[in-house]
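Treat the numbers as computed from the prediction; the structure is a model and nothing was measured. In what follows, every heavy atom counts, from backbone to side chain, and hydrogens, waters and symmetry copies are set aside.
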Amino acid sequence: MSSNTTAPYALLAGENPVFLAYVTWACILGIKMLLMSPLTGTFRVKNAAFANPEDLPKQTTELKTDEQVERVRRAHLNDMENILPFLTIGLIYVLTNPNPMIAIILFRVAGTVRIIHTIIYAIYPIRQPARAICFFTCFFITIYMAVMCIIRFWFI
């Protein structure tokens, strides 16, 4: 960790490369999560697997589930379990004034593995341990950042 004499507001400014990397990857992952809803809808229409009676086509009276739809929904739920804590803790991590090279690599790797996770879970399924590697890579990055935040702010 570098010196922590920088004012917190300066760490959340466009001149801080760590903050810029965080914002970039937060936006990428936010867009990625938002796109999961239309992806679910696309598979629902394609596979005629609607969740609500009012969504059924007029000639259909029976609700059904579809593995492809459920797979996308599970990937979206997995995003919420992994990405939302990453985004929250990542912003706090920026305030620790971390080493820029380390922080930027952490943000890039976490973002990239979450995108790969969606591809290999929801779009082109691949056998385990591929998904687990992606999930736990982001998971442990988030844990590392949380521990660094605790160390930095515990002793103030």
Side-chain angles (χ1 to χ4, degrees), residues 1-47 49 51 66-156:
M1 239 185 283
S2 58
S3 171
N4 289 299
T5 58
T6 306
Y9 61 85
L11 295 171
L12 299 177
E15 295 78 31
N16 181 0
V18 173
F19 180 65
L20 293 177
Y22 169 79
V23 168
T24 300
W25 283 100
C27 289
I28 290 168
L29 291 174
I31 291 168
K32 186 223 123 1
M33 284 185 69
L34 287 169
L35 291 175
M36 295 303 287
S37 294
L39 184 61
T40 303
T42 299
F43 284 126
R44 281 194 184 286
V45 171
K46 175 183 166 198
N47 299 317
D66 177 79
E67 177 53 32
Q68 201 171 28
V69 171
E70 293 306 310
R71 181 173 287 279
V72 175
R73 289 182 68 240
R74 288 190 304 266
H76 196 182
L77 288 171
N78 191 282
D79 281 349
M80 290 187 274
E81 295 170 358
N82 208 234
I83 293 174
L84 296 178
F86 168 78
L87 294 176
T88 304
I89 292 169
L91 183 58
I92 300 166
Y93 180 66
V94 170
L95 295 174
T96 68
N97 198 17
N99 177 300
M101 185 177 72
I102 292 171
I104 291 167
I105 288 170
L106 292 175
F107 295 149
R108 286 177 181 168
V109 170
T112 301
V113 297
R114 287 311 307 175
I115 292 166
I116 293 169
H117 181 275
T118 296
I119 292 168
I120 65 175
Y121 194 4
I123 300 170
Y124 300 107
I126 295 177
R127 295 188 60 81
Q128 288 286 26
R131 281 192 339 262
I133 290 168
C134 291
F135 177 87
F136 283 110
T137 299
C138 187
F139 177 86
F140 286 121
I141 286 172
T142 305
I143 294 288
Y144 169 80
M145 291 188 309
V147 169
M148 293 296 102
C149 291
I150 291 167
I151 290 169
R152 167 63 181 92
F153 294 115
W154 182 269
F155 300 104
I156 290 181

Which value, rounded to the nearest 0.5 Å, describes the distance between [X] atom [atom1] and [Y] atom [atom2]?
X: Leu95; Y: Phe19; atom1: CG; atom2: CZ; value: 9.0 Å
X: Gln68; Y: Leu39; atom1: CD; atom2: CG; value: 8.5 Å
X: Ile119; Y: Lys32; atom1: CD1; atom2: NZ; value: 9.0 Å
X: Leu106; Y: Cys138; atom1: CG; atom2: SG; value: 10.0 Å
X: Ile116; Y: Arg114; atom1: CD1; atom2: CZ; value: 11.0 Å
X: Ile141; Y: Thr137; atom1: CD1; atom2: OG1; value: 6.5 Å

Shortest non-hydrogen contact from [X] toward [Y]:
X: Ala49; Y: Asp66; answer: CB-CB, 3.4 Å
X: Cys134; Y: Ile120; answer: SG-CD1, 4.1 Å
X: Arg71; Y: Ala122; answer: CG-CA, 4.0 Å
X: Met145; Y: Gly90; answer: CE-CA, 3.8 Å
X: His117; Y: Phe135; answer: CD2-N, 4.2 Å
X: Met36; Y: Ala75; answer: CE-CB, 3.7 Å

When you look at CZ of Arg74, are more than 12 heavy atoms from neighbouring residues, nucleotides or ligands closer to it than 6.0 Å? yes
For the residue pair [X] and [Y], establish whether any side-chain heavy-atom pair is separated by less than 4.5 Å.
X: Tyr22; Y: Asn16; result: no
X: Arg131; Y: Pro125; result: no
X: Leu91; Y: Leu87; result: no
X: Ile115; Y: Ile28; result: yes

Could you check whether any side-chain N or O of Asn82 sits under 3.5 Å from a backbone N or O of Asn78, counting only pairs where one atom can act as donor and the other as acceptor? no
Run Leu11 and Val18 through side-chain contact (heavy atoms from CB on, under 4.5 Å) and show every step you take. CA-CA 8 Å; Leu11 295 171; Val18 173; over 6 Å; no
Plane angle bin for Phe136 and Phe139 - parallel if under 30°, tilted between 30 and 60°, otherwise perpendicular: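 Aromatic pair Phe139/Phe136 classed perpendicular.
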Parallel, tilted or perpendicular: ring planes of Tyr93 versus Phe107, cut at 30 and 60 degrees: perpendicular
Qualifying residue, where the test is side-chain contact (heavy atoms from CB on, under 4.5 Å) with Leu29 and the options are Ile83, Leu84, Thr24: Ile83
